Protein chains: 2
Amino acid sequence: MTAKLTDVANLAGVSATTVSRVINNHGYLSEKTKQKVFDAMRELNYQPNSLARSLQGKKMKLIGIIFPSITNPFFAELIEDIEMQLFTQGYKIILCNAGKNKQKESEYIKMLLANQVDGIIAGAHNLGIDEYQQLGLPIVSFDRKLSDNIPIVSCDNYQGIELAVHDLLQAGCKKITFVGDKQLKGNPTDERLKAYCDTMDKLNLDAHICSVAFSDSPLLKNMTIRKMLIEDKPDGITCTDDLTAILVLQEAKKLGIRVPEDLKVIGFDGTKQIQTYHSELSTIAQPISDISTLLVDLLLERINDPKKEPNQMHYKLPVKLIKNETTA
Amino acid sequence: MTAKLTDVANLAGVSATTVSRVINNHGYLSEKTKQKVFDAMRELNYQPNSLARSLQGKKMKLIGIIFPSITNPFFAELIEDIEMQLFTQGYKIILCNAGKNKQKESEYIKMLLANQVDGIIAGAHNLGIDEYQQLGLPIVSFDRKLSDNIPIVSCDNYQGIELAVHDLLQAGCKKITFVGDKQLKGNPTDERLKAYCDTMDKLNLDAHICSVAFSDSPLLKNMTIRKMLIEDKPDGITCTDDLTAILVLQEAKKLGIRVPEDLKVIGFDGTKQIQTYHSELSTIAQPISDISTLLVDLLLERINDPKKEPNQMHYKLPVKLIKNETTA
DNA sequence: TTGTAGGCGTTATCAT
DNA sequence: ATGATAACGCCTACAA
């Protein structure tokens, strides 16, 4: 079907070894032979077979990316950024949408192993620690504790909610509610709730938590939010992500609650997408590009030098307040 | 490092061939041997090496997915759906974000070839026909003419804009503008503009086209739209996609133009994302799930039986009007 | 029912 | 400066 090494060798009138050498730029080659080989490669439209190469221990230049979903704008932007970074280094990615499905995540990990990927970037939220413990593969994690020896990259979730609450206070809010997951899971995102509670505590204010899980459907979230708006009548809401914040805005509108006059709302994530198409929303912006750069750097470092231990186990990147109309 | 076939064979006290047989469920095996082998596999946490397998002609169970971007909600939902479908069939995907970058798309194609993918689903918009012509690999295309022998799946773009324009008319619009790309490229999406022009023609109405390209930045789009709103003062706008429609809504709001009283707007795509977070927007919904199913079915059919020619070369799937407030 | 030998496309080692 | 050969991990004849 497609041309192989020996075809090129035949055409160029040299041995397979020589062709291999010019491909890998190994040892001493005469310019003349190089040229012959290059010409033959071009003529046959030759493409080295990655599979055969990595049977000899060469890298596949392939990374597994495990995230819950790409339809969430935050993950989409993060993954797209990761993909860009990796591409410039010659890496391709196998995209694994784990959803909320523990078994799918588990099967994907097996497949990645079978495909000899060079490493994994994991940001899903299903599996227990043990599954990742002994993969014998470079892994870095986003926003999630996987194991003691797997480095975590996340934004400074604590600082983020602190900023958000203070922004609401400064805008005059007296009764601030947190909308987000109440259930702690030992992950960095737990810090968001913690920051909210701590801050309210310090200010001697009552904490109001409206529990909405990441994996809840928008419909269910809407109902929960609506109930909260009606019963609690908060004048400020800090949300665990931008999408939830938009649902809050929508429900408020339906109920005739004016934003920002009667209610101020702030989100979390700060994707370009939301800032472009919901430009009214104030939010805490995660440094998406810095996160992806760090994830990729840490991973490639481990791939290229597996012995080297990472300097830190948890990298917390600073967030930024983006102030718009909803907290005016 | 990781266990291999011979390790399993040794542990089970059988030959490598036998282990291979139980893995592939080949020929006659005694239950006893099977059990021994299974046990050994489990004990060693054995995972067959896909690379070595497909060196023998076995399928890699890997598909390349080439699209412009995953941050566009439409592509995100389409790709996520494709990924789901393929996963249930045991396939993984290599995600290739081509952006508006011709060279990147070209390099990705080479990489996919080198990685021995079993097929490609292409939906990017950069390369000329020739690049895809002779890949010698099963390919299906979304919304784009790649070559005479590559089947295309798309929605019925023509019908979509017809529906949209008629919806605007029925809502009382007299002066309807089309916002979208003016440049024809020989792709199915060209039908959108054509449908607009034809329909306006039939109705003896003047066509107004506000040219905005898919790859324009939101900022540039905003400026173009603003100018059009001020100068043309349309009372109805049919957009080439939902995101553009939202920009129109935003600019209209800034200019104090009331929707739907002074201006009615309808989009195109109908993603869950936009329908959830911009639930006011009327739109023409593409049958995302049907599209992905068809793409995957056609591709797998070609992979499993390369000789078989597709029945059709262009599959046009019906669209659906989703009526909301913006065309009330 | 199970084992032996050869080969998939490439690279590393050892020659020359 | 270039070649021959074995090896990577697995699978498919062919044998037994």
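All values derive from a computational prediction rather than experimental measurement. Numbers restart at 1 for each chain; the letters A, B, ... are given by sequence-line order, proteins then strands.
The OG atom of A:Ser50 lies 5.5 Å from the NZ atom of A:Lys92; values are rounded to the nearest 0.5 Å.
Listed by first and then second residue, the ring-ring contact (aromatic ring centres under 6.0 Å, His included) pairs that reach into residues 79-122 of chain B are A:Phe87-B:Tyr108, A:Tyr108-B:Phe87, sequence neighbours excluded.
You can see that DNA chain C meets the heavy atoms of chain A within a 4.0 Å-exclusive cut from C:dG9 to C:dC14, reading 5' to 3'.
In summary, the side chains of A:Ser20 and A:Thr17 do not present any donor paired with an acceptor at a separation below 3.5 Å, with no hydrogens or angles considered.
In this structure the side chain of A:Leu299 reaches within 4.5 angstrom of the side chain of A:Ile63, judged on heavy atoms.
We find that CD of A:Gln35 is positioned 17 Å from C1' of D:dA1, with the value rounded to whole Å.
Ion pairing of B:Lys110 with B:Glu107 is absent here, as no side-chain N (NZ or NE/NH1/NH2) approaches a carboxylate O to less than 4.0 Å. Ion pair A:Glu105/A:Lys102 not flagged as a salt bridge, since none of the NZ, NE, NH1 or NH2 atoms sits closer than 4.0 Å to an Asp/Glu carboxylate oxygen. Salt bridge annotation for A:Glu80-A:Lys272: absent, with no cationic side-chain nitrogen under 4.0 angstrom from a carboxylate oxygen.
The aromatic rings of B:Phe142 and B:Phe75 sit perpendicular, their planes meeting at an angle over 60°, well past the 30° parallel limit.
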Polar atom pairs (N or O), protein with nucleotides 10-13 of chain D, under 3.5 Å:
| unit_1 | atom_1 | unit_2 | atom_2 | d |
| --- | --- | --- | --- | --- |
| D:dC10 | OP1 | B:Tyr46 | OH | 2.6 |
| D:dC10 | OP1 | B:Asn49 | N | 3.3 |
| D:dC10 | OP2 | B:Leu5 | N | 2.4 |
| D:dC10 | O2 | B:Gln56 | NE2 | 2.7 |
| D:dC11 | OP1 | B:Asn24 | ND2 | 3.4 |
| D:dC11 | OP1 | B:Arg53 | NE | 2.6 |
| D:dC11 | OP1 | B:Arg53 | NH2 | 3.0 |
| D:dC11 | OP2 | B:Ser20 | OG | 3.0 |
| D:dT12 | OP1 | B:Lys58 | NZ | 3.0 |

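In this structure, B:Ser54 reaches neither bases nor backbone, as no heavy-atom distance under 4.0 Å exists between it and the strands shown.
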